[in-house]
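To keep things clear, I will list the structure first and then write my remarks on it.
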Amino acid sequence: EVALRAALAEETLRLHYQPVVRISDRVITGAEALLRWSDPEHGNVPPQVFIPLAEESGLIHALGDWVLRSAAKQCVAWRHAGLSITVSVNMSARQFYREDLAQRISDIVKAEECDPSWIELEVTETSLLHDLDAIRKVLHQLRDEGFTVAIDDFGTGYSSLTHLKHFPIDTLKIDISFIADLESDPQDAAITEAIIGLARGLGLKVVAEGVGTREQNGCLDVRGCDAFQGFWVSKPLEADSFYEFVRKRR
Ligand code: C2E
Ligand code: MG
Ligand code: MG
């Protein structure tokens with residue numbers, strides 16, 4: 001916790017960006033910002049380890065602000081360089097405990113001269129469970145400002161499907177666990193197909209996470225999935241490498 005606090009203060013944290021690929025024409029339309037921490041003493045610490053730590057210690061608020069500010073800054077830089085990329089930012093359930101969250105998010109993004117419609121906020125399904133009315137209010141405020149909202153790791157949480165009706169949501173992200181054996185496991189294929197159908201019916205965009213092979217991409221394509229992320233196309237990259245990657249692909 002002390003080391004993480006120092007990393008935040010000294011700005012030694014990094015964001016990597018994973019391309020989001022539109023399936024119909026394979027164009028990269030987005031980037032998910034993923035936090036990276038390399039500590040001189042502890043080495044590379046994965047987010048699954050330090051995010052919960054930040055949540056417990058309350059550091060998540062400052063960390064979340066930093067991530068959003070950096071992602072917005074990067075998004076604007078790419079836009080100026082001719083890349084029209086939507087940047088997705090992960091939000092922790094804990095961040096919703098703050099009453100002024102919507103205002104804060106809006107202030108941070110606008111201070112970077114970033115248009116809110118260029119930013120998608122990812123919330124996990126489980127984070128929608130905590131304080132329903134408060135979260136719904138925050139999400140509506142953000143939507144009114146022009147942000148889009150995605151449900152991350154969809155299919156693994158405990159949320160009720162009625163949430164899809166009552167929360168202002170734009171995108172469902174199919175959890176990586178359903179994609180891993182998509183070609184060989186009929187149950188995973190059925191679940192994936194059902195999520196895509198649900199999204200279509202509700203007029204939501206659907207993005208598959210963790211696509212590792214051409215065959216998985218094919219399975220998603222025939223089922224009508226909109227976009228995917230995954231090692232098949234690219235791992236999360238540093239901002240400069242991301243830019244080069246998109247430029248070369250064109
Ligand atoms: P997530 O938001 O669901 O992000 C997707 C994770 O899947 C990332 O792991 C990404 O590197 C990984 N991934 C992408 N494609 C593939 C693939 O083809 N195969 C496999 N095996 N993995 C793939 P990462 O970067 O380790 O992040 C893990 C989780 O940590 C994220 O899951 C997110 O919940 C959390 N996280 C990361 N950055 C932030 C952040 O800035 N704020 C918050 N609150 N959480 C974050
Ligand atoms: Mg995510
Ligand atoms: Mg996910």
Side-chain angles (χ1 to χ4, degrees), residues 4 7-8 13-21 28 30-38 44-75 86-98 101 105 108 119-128 130 148-157 159 169-183 192 195 205-217 219-220 227-239 241-242 245:
L4 183 58
L8 182 61
L13 296 167
R14 288 279 167 270
L15 284 181
H16 282 188
Y17 296 89
Q18 185 175 40
V20 178
V21 186
I28 295 172
E32 178 173 6
L34 293 156
L35 198 49
R36 295 292 178 259
W37 177 26
S38 178
N44 290 329
V45 188
Q48 284 96 335
V49 174
F50 70 80
I51 295 287
L53 200 78
E55 287 174 340
E56 280 162 35
S57 62
L59 197 60
I60 193 68
H61 299 292
L63 198 64
D65 288 355
W66 184 87
V67 169
L68 187 65
R69 189 175 306 116
S70 310
K73 204 182 287 253
Q74 187 59 61
C75 182
T86 301
V87 177
S88 305
V89 174
N90 291 286
M91 303 273 304
S92 175
R94 271 281 163 137
Q95 290 176 263
F96 286 93
Y97 290 163
R98 208 169 171 164
L101 182 69
I105 289 178
I108 289 172
I119 301 288
E120 181 151 78
L121 302 164
E122 296 193 0
V123 294
T124 56
E125 211 183 331
T126 7
S127 63
L128 298 180
H130 293 275
T148 55
V149 177
I151 301 196
D152 205 351
D153 306 342
F154 187 77
T156 59
S159 77
I169 293 159
D170 301 278
T171 305
L172 294 185
K173 296 190 77 172
I174 308 174
D175 190 67
I176 188 167
S177 61
F178 302 119
I179 307 299
D181 300 314
L182 189 58
E183 316 107 284
T192 301
I195 298 176
K205 187 180 157 190
V206 57
V207 181
E209 302 195 277
V211 171
T213 65
R214 176 185 296 277
E215 289 70 30
Q216 287 167 357
N217 171 73
C219 289
L220 292 163
F228 75 87
Q229 293 171 236
F231 295 171
W232 179 50
V233 161
S234 173
K235 293 194 167 181
L237 302 166
E238 283 179 39
S241 312
F242 181 94
F245 185 79

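Remember, it's 1-based here, ligands and their atoms both numbered in the order they're listed. Residues: numbered from 1 along the sequence shown. Everything quoted here is computed from the prediction, not taken from an experiment.
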Specify side chain, backbone, both or neither for [X], according to which of its non-hydrogen atoms lie closer than 4.0 Å to ligand 1.
X    : answer
T124 : neither
K173 : neither
H16  : neither
N90  : both
S92  : both
K235 : neither
L35  : both
L63  : neither

Checklist entry - Can you name the N, O or S atom of D153 that is closest to the Mg ion (ligand 3)? => result OD1
Can a protein heavy atom be found under 4.0 Å away from [atom]?
atom                    : answer
atom 12 (C) of ligand 1 : no
atom 34 (O) of ligand 1 : no
atom 9 (O) of ligand 1  : no

Checklist entry - Closer than 2.8 Å to the Mg ion (ligand 2), do we get an N, O or S atom from N90, backbone or side chain? => result yes
Checklist entry - Hey, is there an N, O or S on D152 sitting under 2.8 Å from the Mg ion (ligand 2)? => result yes
Does the side chain of [X] reach to within under 4.5 Å of the side chain of [Y], using non-hydrogen atoms?
X    : Y    : value
L15  : W66  : yes
V211 : L182 : no
P19  : E32  : no
I195 : D175 : no

Next on the checklist: Quick check: of its N, O or S atoms, which one does E122 have closest to the Mg ion (ligand 2)?
Outcome noted: OE1
Next on the checklist: Let's go through V233 and F228 carefully: what are the C-alpha distance in whole Å and the side-chain angles of both, what is the deciding distance for side chain to side chain contact (heavy atoms under 4.5 Å, CB included) to 0.1 Å, and is it a yes or a no?
Outcome noted: CA-CA 9 Å; V233 161; F228 75 87; 3.6 Å; yes
With a cut-off of 4.0 Å, which atoms of ligand 1 are near a heavy atom of [X]?
X    : value
G230 : 15 (N), 18 (O)
E209 : 3 (O), 5 (C)
V67  : 41 (O)
Q48  : 26 (O), 28 (C)
D153 : 3 (O)
D152 : 1 (P), 2 (O), 3 (O)
Q18  : 14 (C), 15 (N)

Checklist entry - Any heavy atom of P46 sitting closer than 4.0 Å to ligand 1? => result no
Checklist entry - In terms of side-chain heavy atoms, does T124 have a donor or acceptor partner in D152 at a distance below 3.5 Å? => result no
Next on the checklist: Please compare I176, L68, L34, V89 and report which has the shortest non-hydrogen distance to atom 37 (C) of ligand 1.
Outcome noted: L34
Item to check | Residue E183 excluded, over 12 heavy atoms near CD under 6.0 Å | outcome: yes
Checklist entry - Within the distance-only criterion (no hydrogens, no angle test), does the side chain of D170 pair as donor or acceptor with the backbone N or O of V149 below 3.5 angstrom? => result yes
Next on the checklist: Counting only nitrogen or oxygen atoms and a 3.5 angstrom limit, does W232 reach ligand 1?
Outcome noted: no
Item to check | Heteroatom distance test (F231, ligand 1): nitrogen or oxygen, under 3.5 angstrom | outcome: yes
Next on the checklist: Any salt bridge linking K205 with E120? Criterion: basic side-chain nitrogen under 4.0 Å from a carboxylate oxygen.
Outcome noted: no
Item to check | Metal check, the Mg ion (ligand 3) vs D175 N/O/S, cut-off below 2.8 Å | outcome: no
